[in-house]
Amino acid sequence: MTTQTDIPPAETGGERRSWLREHSELGVCALLLALGVLVLTDALTMDVDIAQRGPVGPKTVPIVVGAGLLVIAALLAVDVLRGGRGQAETGEDVDLSEPADWRTVLLLAGVFLGAAVLIEPLGFPIAGALLFWGAAFALGSRRIDRDPLIAAGLSLVTYTVFNNLLGVPLPGGPLMGVL
């Protein structure tokens with residue numbers, strides 16, 4: 001005769017959520033797996049001219065990186081399923097009980113997207129200065145006398161380093177003749 005206590009309870013949605021919460025690192029495994037598959041797919045379907053190929057072709061590094069991502073995803077999944085857990089964040093300036101500051105996140109995203117849109121017509125020096133100034137404002141700086149000057153200087157130094165020293169051409173915009 002079977003009693004009510006002998007029958008195991010059916011798995012409920014709460015128990016499933018609890019299991020997923022305890023094994024949340026599997027999400028990282030899934031992300032690494034997807035990235036590995038994407039990198040390998042792109043590398044293996046890359047069109048390479050045989051005349052341009054040397055002993056190590058352009059497919060080599062992406063194949064190694066993609067395979068490495070797959071291996072790391074598999075090893076991490078095995079570790080998580082065996083009970084391994086990552087250490088909790090112990091950041092001294094992070095208060096996990098406080099809600100996220102979505103205003104700052106949205107301001108930073110807006111400043112970044114604005115700079116991406118303005119970089120072609122205005123050039124990097126101006127768009128970069130707006131990016132640096134807007135990021136400083138979004139993060140709480142209200143020094144109107146100092147922030148624009150620092151942003152302009154930082155943008156000009158960045159433009160000079162990339163454009164002149166590293167040989168990475170950045171759009172100069174209206175300042176092209178001056179710089």
Side-chain angles (χ1 to χ4, degrees), residues 25 27-73 76 86 89-96 98-179:
E25 290 94 347
V28 176
C29 298
L31 179 66
L32 291 172
L33 177 72
L35 280 173
V37 167
L38 178 69
V39 169
L40 280 176
T41 302
D42 281 349
L44 294 174
T45 59
M46 187 184 300
D47 187 27
V48 178
D49 185 16
I50 197 69
Q52 296 175 344
R53 202 171 150 202
V56 177
K59 290 184 176 185
T60 305
V61 171
I63 288 174
V64 169
V65 169
L69 286 168
L70 294 179
V71 168
I72 290 171
L76 180 60
E89 176 66 37
T90 58
E92 59 194 48
D93 61 344
V94 176
D95 186 5
L96 297 177
E98 291 293 318
D101 185 7
W102 289 107
R103 179 183 178 272
T104 302
V105 171
L106 292 174
L107 278 172
L108 284 171
V111 166
F112 181 76
L113 290 174
V117 168
L118 295 174
I119 196 167
E120 198 58 44
L122 297 181
F124 183 84
I126 295 172
L130 293 173
L131 171 69
F132 295 137
W133 187 17
F137 181 84
L139 294 173
S141 178
R142 300 295 185 260
R143 296 286 307 262
I144 305 277
D145 57 334
R146 177 189 67 186
D147 292 346
L149 295 174
I150 293 173
L154 189 58
S155 180
L156 286 173
V157 167
T158 304
Y159 176 80
T160 304
V161 166
F162 275 86
N163 200 55
N164 299 341
L165 298 178
L166 297 176
V168 177
L170 295 174
L175 300 177
M176 195 62 162
V178 179
L179 301 175

request  = Check step by step if side-chain contact (heavy atoms from CB on, under 4.5 Å) holds for N163 and V168.
outcome  = CA-CA 5 Å; N163 200 55; V168 177; over 6 Å; no
query = After noting the C-alpha distance and the side-chain angles of I126 and L118, does the key distance pass the side-chain contact (heavy atoms from CB on, under 4.5 Å) rule?
reply = CA-CA 8 Å; I126 295 172; L118 295 174; over 6 Å; no
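In terms of heavy atoms, P121 sits closest to P174 at O-CD, 3.8 Å. Shown here for L170 and Y159, the closest heavy-atom pair between the two residues is O-CE1, 3.5 Å. Of all the heavy atoms in A129 and A152, the pair that sits closest is CB-CA, 3.9 Å. Across all non-hydrogen atoms, the minimal contact from A43 to I63 is CB-CG1, 3.8 Å. Between L40 and P62 the shortest heavy-atom distance is CD2-O, 4.5 Å. Nearest approach of L107 to A138, heavy atoms of both residues: CB-CB, 3.7 Å.
Residues V28 and L76 are in side-chain contact: their nearest non-hydrogen atoms beyond the backbone lie under 4.5 Å apart. Two residues are said to be in side-chain contact when any heavy atoms from C-beta on lie closer than 4.5 Å; T104 and L139 meet this criterion. By the 4.5 Å heavy-atom criterion applied to side chains, P171 and I119 are counted as neighbours.
In this structure, the separation between CG on L149 and CZ on R143 is 10.5 Å, given to the nearest 0.5 Å. Interatomic distance, D101 CG to L108 CG, rounded to the nearest 0.5 Å: 9.0 Å. Note that OG1 of T45 and NZ of K59 are 7.5 Å apart. Values are rounded to the nearest 0.5 Å.
Remark: the backbone N or O of W133 is not paired with any side-chain donor or acceptor of D147 at under 3.5 angstrom. Checked by atom type and distance alone, the side chain of S155 never pairs as donor or acceptor with a backbone atom of A151 at under 3.5 Å.
In R103, the CZ atom is not crowded: 12 or fewer heavy atoms of neighbouring residues, nucleotides or ligands sit closer than 6.0 Å.
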